[in-house]
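Keep in mind that what you see is a predicted model, and the values were worked out from it rather than measured. By convention in this document, chain letters (A, B, ...) are assigned in the order of the sequence lines, proteins followed by strands, and residues within each chain are numbered from 1.
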Amino acid sequence: MSIDTVGNAERNPDQPQPFAELGLKPDEYQRIRDILGRRPTSSELAMYSVMWSEHCSYKSSKVHLRQFGDKKPETDTLLVGIGENAGVVDIGAGWAVTFKVESHNHPSFVEPYQGAATGVGGIVRDILSMGARPLAVMDPLRFGPADAADTKRVLPGIVAGVGGYGNCLGLPNIGGEIVFDESYAGNPLVNALCVGAMRHEDIHLASAKGVGNLVVLYGARTGGDGIGGVSVLASETFDADGPAKRPSVQVGDPFMEKLLIEATLEVLHAGLVEGIQDLGGAGISCATSELASNGEGGMHVWLDRVLLRDPTLSPEEILMSESQERMCAIVEPAKIDDFLALCKKWEVEAVVIGEVNASGRLTVEWHGEEIVNVPPRTVAHEGPVYERPYHRPEWMDALQADAPTADRITRPVTGAQLQETLLDLIASPNLASKAWVTSQYDRYVLGNTVLAQPEDSGMVRIDEETGLGVAISTDCNGRFAKLDPYTGAQLALAESYRNVSATGAVPLAVTNCLNFGSPEDPEVMWQFSEAVRGLADGCLQLGIPVTGGNVSFYNQTGDTPILPTPVVGVLGVIDDVDRRTPIAWGPDGELIYVLGDTRDEFGGSEWAHRKGHLGGMPPLVDLDRERLLSEVLVAGSRDGMLTAAHDVSDGGIAMTLVEMALRSGVGARMWLPDDADPFVYLFAESAGRAIVVIPRSEEMRFTEMCAARGLPAFRVGVVDSGLGADAGFDAATQVLQFGDLFTVHIEEVRALHESVLPALFG
Amino acid sequence: MARVVVDVMLKPEILDPQGRAVQGALGRLGLTGVADVRQGKQFVITLDGAMDADRAAVLERLAGELLSNPVIEDFTLTVQEDS
Amino acid sequence: MARVVVDVMLKPEILDPQGRAVQGALGRLGLTGVADVRQGKQFVITLDGAMDADRAAVLERLAGELLSNPVIEDFTLTVQEDS
Amino acid sequence: MRIGVVTFPGSLDDRDAARAVRLAGGEAVALWHGDSDLSAVDAVVLPGGFSYGDYLRCGAIARFAPVMSSIVSRAEGGMPVLGICNGFQILCESHLLPGALTRNDHLHFICRDQRLVIESTDSDWTRDFEPGQEIVVPLKNGEGGYVADEQTLDQLEGDGLVIARYLEVNPNGSRRDIAGIRNARGNVVGLMPHPEHAVEALTGPTTDGLAFFTSVLTTALTSVVNA
Ligand SMILES: Nc1ncnc2c1ncn2[C@@H]1O[C@H](COP(=O)(O)OP(=O)(O)O)[C@@H](O)[C@H]1O
Ligand SMILES: [Mg+2]
């Protein structure tokens with residue numbers, strides 16, 4: 001096997017190189033030559049090609065993502081902003097929280113279990129690399145139609161993978177999403193979110209500071225995982241036999257990740273670490289170039305010291321391997337023995353692979369020969385930036401004009417028709433109980449889970465002394481985003497913000513995972529640019545900064561992209577988790593109120609989706625109203641005025657009430673406003689609404705607060721466990737009575753709601 | 001009665017965390033010089049009646065589609081005709 | 001180099017839900033007359049150097065103590081001496 | 001009273017077990033799998049989790065940890081030991097309790113709030129319950145199906161060694177709905193569900209689990225009085 005050295009590159013400047021196979025455009029290749037003043041070695045080519053890929057360089061999205069910084073609201077809660085592994089938010093009392101969502105879509109389509117498992121593993125290491133103890137995970141998922149054969153293949157595997165990894169790692173799963181839509185057939189989305197916490201003084205950054213400090217690689221051994229494209233380089237340098245087979249799939253080892261977490265937290269707390277970085281996409285190439293360019297600017301690496309799982313790997317492959325469960329730390333020489341001893345305690349292999357220097361270059365050596373000599377910033381941060389063309393699709397006008405009006409789709413009118421509509425929504429895979437999935441996830445481990453599904457947000461306690469905690473929700477209705485990406489992104493933000501507020505937490509910060517089709521399609525690029533603009537404007541208006549996120553492009557089959565799916569995660573803080581607001585109402589006599597205005601809004605609704613229709617405009621978004629609603633929900637929780645609160649979204653008021661009744665097991669009597677169109681009132685998906693439940697003793701105080709602040713509040717019902725007999729059941733039967741229109745039996749509804757996913761996937 | 005044994009192993013290039021855990025334990029418990037451990041699955045399938053070409057073809061297909069995951073695993077299939 | 005294969009199977013009297021699930025699936029996917037399926041584990045252990053009586057004894061012990069649980073499982077151990 | 005909580009590589013519920021011990025009024029002492037010294041604890045909890053990834057068989061590798069030799073010999077001398085979930089699996093693998101725990105019959109990991117009936121209250125860990133008391137605690141496992149041969153099962157039942165049984169739903173195919181068992185002396189208890197996750201109203205479905213941990217403190221008091 002011959003090694004392409006820097007000397008060799010200088011001696012043979014014109015040797016042809018397979019840059020195109022590695023995904024580099026001719027001008028990008030030329031730029032590398034210009035930067036280096038010579039042709040790159042094959043190892044350098046490997047590094048540049050992977051670091052300049054869409055996935056690592058954000059070359060198509062960068063120009064748009066800048067808005068998150070440019071439009072950042074005034075805030076003093078952001079301790080670390082966009083650009084690090086994950087943003088860090090101050091939640092008071094010396095505590096800081098970091099959270100981020102990332103995609104693992106394509107790998108999960110190829111191998112559902114391992115793709116999803118390694119997706120969870122990757123985001124957990126991002127959180128760990130900030131110095132935080134990971135506390136919980138969430139999993140926003142999207143699938144093709146629930147009854148499609150491929151959904152039956154991917155969904156159980158993905159769910160088992162999310163659970164298998166998270167459960168074994170000991171992180172509670174506190175929420176997520178499961179949405180079915182035709183557009184995700186062949187393009188399932190697996191987004192994974194992790195949240196972690198640390199004391200302010202424990203925040204760590206990915207930078208290689210301090211000349212003479214050592215670069216330690218620790219965790220799993222390096223194998224040939226995820227190096228698909230780079231094998232072309234290996235095959236050039238290998239003898240006639242060609243390279244050994246390389247795996248196309250990465251296998252996760254959650255046990256190793258658990259050891260990695262414990263070992264990392266111990267070395268951080270012992271003060272043994274100057275800088276730290278996880279290894280994810282682009283492996284050692286990414287970690288060394290980012291650490292070097294964020295630090296003193298120089299680093300030397302002895303690549304042959306890397307512990308290998310597969311001894312046949314070439315240096316190019318080692319540089320690019322995406323083997324899981326690895327971390328990289330910068331350690332002072334005086335502390336290296338203690339560092340290695342703690343790794344040993346946790347049975348984690350560790351080896352010094354490099355040293356920080358002042359050369360301003362990243363140099364890599366392989367058995368005494370120099371194979372890389374580059375300015376690290378050009379690899380890590382100065383990749384190509386594209387201004388991809390975009391334009392509003394011509395079909396948008398027709399799509400938006402095709403509203404689901406009464407003329408277009410017959411609407412239910414009679415009590416029986418309205419009841420049938422409700423039962424159909426309850427049994428739709430998008431609204432049915434997700435317990436078949438979530439019961440495969442441990443939500444109890446660590447003993448700090450205050451809320452998990454089916455509550456509006458996940459909530460975990462961070463400080464056992466004071467009860468300080470955080471709530472997180474992730475949301476996105478891709479149908480809304482298709483009808484209008486700007487508004488759709490804001491609606492995703494609004495829903496997530498509302499969900500966090502409903503639990504009593506004050507929204508503080510935003511993360512996002514932008515799942516789109518191909519950026520080379522100007523129409524997709526338009527959807528993307530509109531979604532980013534909407535989200536950035538929305539965050540500015542709500543006063544909560546974007547702290548990080550992830551972009552996933554190329555989610556499409558042929559020319560058909562997925563629904564634009566900007567998943568938004570909002571994090572809120574609650575100073576005492578003991579006063580969280582759940583969705584279950586309390587005893588008889590408590591009053592049920594709808595907050596906010598209901599309009600005839602069905603564009604992109606679940607009702608229209610059930611009718612096979614997508615068109616019209618999404619619901620109006622009024623972020624000032626969302627903010628007001630949030631303040632009322634938080635104040636209601638703080639002052640002990642609320643027993644329950646639940647945000648109104650998919651399936652409208654009727655579905656929201658059903659979910660509350662199912663959670664509490666107690667019936668209620670509802671009435672409809674005289675002037676209301678029952679169908680619109682029950683099923684419209686207008687934004688900016690929540691249902692709250694108030695003890696009678698608090699009614700006056702609460703309604704006065706709403707009136708004073710100008711938030712519409714309508715009394716629409718009362719909790720009542722004694723309606724069974726009236727409805728023709730025995731007296732103990734719990735029912736939900738919708739005026740004189742219709743009545744549903746709660747346990748029958750529960751059986752229906754819970755039977756849907758088991759029937760499809762059990 | 002025919003007996004068919006299908007052994008399924010992770011492909012050599014795929015990480016085998018289970019095998020690794022066993023390897024560590026074997027070493028700690030006194031077995032010297034363990035170079036490698038791989039952990040696989042074994043299916044022992046008993047069929048009524050004799051094997052024939054049709055069933056052999058179905059089995060071969062299902063061993064590669066159902067019993068193993070061709071993305072990460074290899075299988076070997078052995079027919080042991082019983083009395 | 002010696003190769004040792006340890007096959008571990010649930011005892012016949014212990015219910016094997018995995019085997020049962022596989023049996024159902026094989027039937028649904030077109031294999032006729034499946035009388036029984038049992039799913040076991042297989043360990044392929046590669047040792048540096050040759051087998052000797054000491055190592056064979058350690059292996060035999062660990063196959064029964066570590067690799068299998070005698071309460072519910074049986075094992076068979078096969079040594080395949082390699083070149 | 002000092003109650004040790006063992007951390008193996010891959011233990012997950014060790015902090016929770018320690019919290020439960022503290023809430024019950026005991027002193028939680030962290031024990032490390034690699035130490036055979038038990039730091040003069042009066043009782044030990046083997047917590048839940050995936051020791052060594054549970055890659056071979058749950059509890060199979062942990063059983064050989066140095067700390068286990070000390071625990072086995074102290075348990076044989078009467079020290080109270082509670083194994084929860086993975087801890088139960090380790091106790092079976094160590095032969096401190098009969099039988100074994102196998103893959104759930106439905107082949108999925110399951111996390112649910114589980115109703116149980118406490119059948120034996122004369123163990124060191126169940127004294128504070130009423131016989132026949134029904135409780136709800138979380139259950140979460142992938143390999144929780146209790147199996148043993150018929151003779152062992154008959155003997156467990158005949159000798160009153162079943163401490164808890166599943167009610168309403170058998171979540172994993174356990175033989176005879178067994179959720180937990182004890183040894184004849186009553187100091188060693190294995191339990192598949194997780195009482196340490198039902199010790200605070202805020203984070204658990206109930207606080208029913210606390211009585212396991214107060215029981216062992218009561219045991220200690222009684223033995224002091226009797227001594
Ligand atoms: N949609 C987005 N919104 C805001 N920040 C983003 C977005 N996508 C990526 N980022 C930020 O860009 C940086 C690089 O992202 P990424 O490559 O995913 O990080 P990592 O290398 O840690 O996996 C991170 O700070 C990330 O938070
Ligand atoms: Mg990162």
Side-chain angles (χ1 to χ4, degrees), chain A residues 107-115 117-118 121 153-154 156-157 160-161 164-165 168-169 219-228 231 234 243-260 307-313 317 321-326 346-349, chain B residues 4-47 54-79:
Chain A
S108 305
F109 177 66
V110 176
E111 213 310 284
Y113 185 98
Q114 296 298 345
T118 52
R153 174 185 73 93
V154 297
Y165 204 97
C168 185
L169 197 53
R221 290 190 168 215
T222 299
D225 313 65
I227 54 179
S231 326
K245 266 192 100 188
R246 301 298 180 225
S248 51
V249 170
Q250 298 164 40
V251 170
D253 181 354
F255 171 57
M256 173 56 83
E257 182 115 328
K258 168 69 178 169
L259 300 183
L260 205 54
L307 297 174
L308 299 180
R309 198 172 83 226
D310 173 354
T312 70
L313 292 179
E317 292 174 317
S321 161
E322 298 191 347
S323 286
Q324 302 287 306
E325 290 96 20
R326 297 179 299 164
W346 286 101
E347 300 174 26
V348 168
E349 289 186 315
Chain B
V4 180
V5 178
V6 180
D7 291 328
V8 176
M9 261 301 151
L10 282 171
K11 290 183 196 287
E13 67 272 17
I14 298 277
L15 173 71
D16 177 7
Q18 312 195 63
R20 243 186 54 115
V22 173
Q23 181 169 354
L26 286 172
R28 280 194 301 278
L29 295 174
L31 187 66
T32 52
V34 186
D36 184 45
V37 178
R38 306 287 289 174
Q39 179 172 340
K41 293 178 208 156
Q42 184 173 63
F43 300 91
V44 179
I45 303 168
T46 312
L47 296 176
D54 273 5
R55 292 170 105 190
V58 174
L59 261 169
E60 184 75 24
R61 175 172 61 81
L62 293 180
E65 272 178 6
L66 174 73
L67 301 182
S68 67
N69 175 351
V71 181
I72 52 175
E73 293 169 326
D74 295 324
F75 71 90
T76 60
L77 189 156
T78 325
V79 180

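In this structure, CZ in A/R221 is found 11.5 Å from CG in B/L15, a value given to the nearest 0.5 Å.
Heavy atoms closer than 4.5 Å to chain A are found nowhere in B/D16, neither backbone nor side chain. Only the side chain of A/E347 comes within contact range of chain B, with at least one heavy atom under 4.5 Å from a heavy atom of that chain. Only the side chain of B/I72 comes within less than 4.5 Å of a heavy atom of chain A; its backbone N, CA, C and O stay farther away.
Within the 4.5 Å cutoff, no side-chain heavy atoms of A/M256 are placed close to those of A/W346. Side chains of B/L67 and B/I45 form a contact here, defined as non-hydrogen atoms less than 4.5 Å apart. With contacts defined as side-chain heavy-atom distances shorter than 4.5 Å, the pair B/Q18/A/F255 does not qualify.
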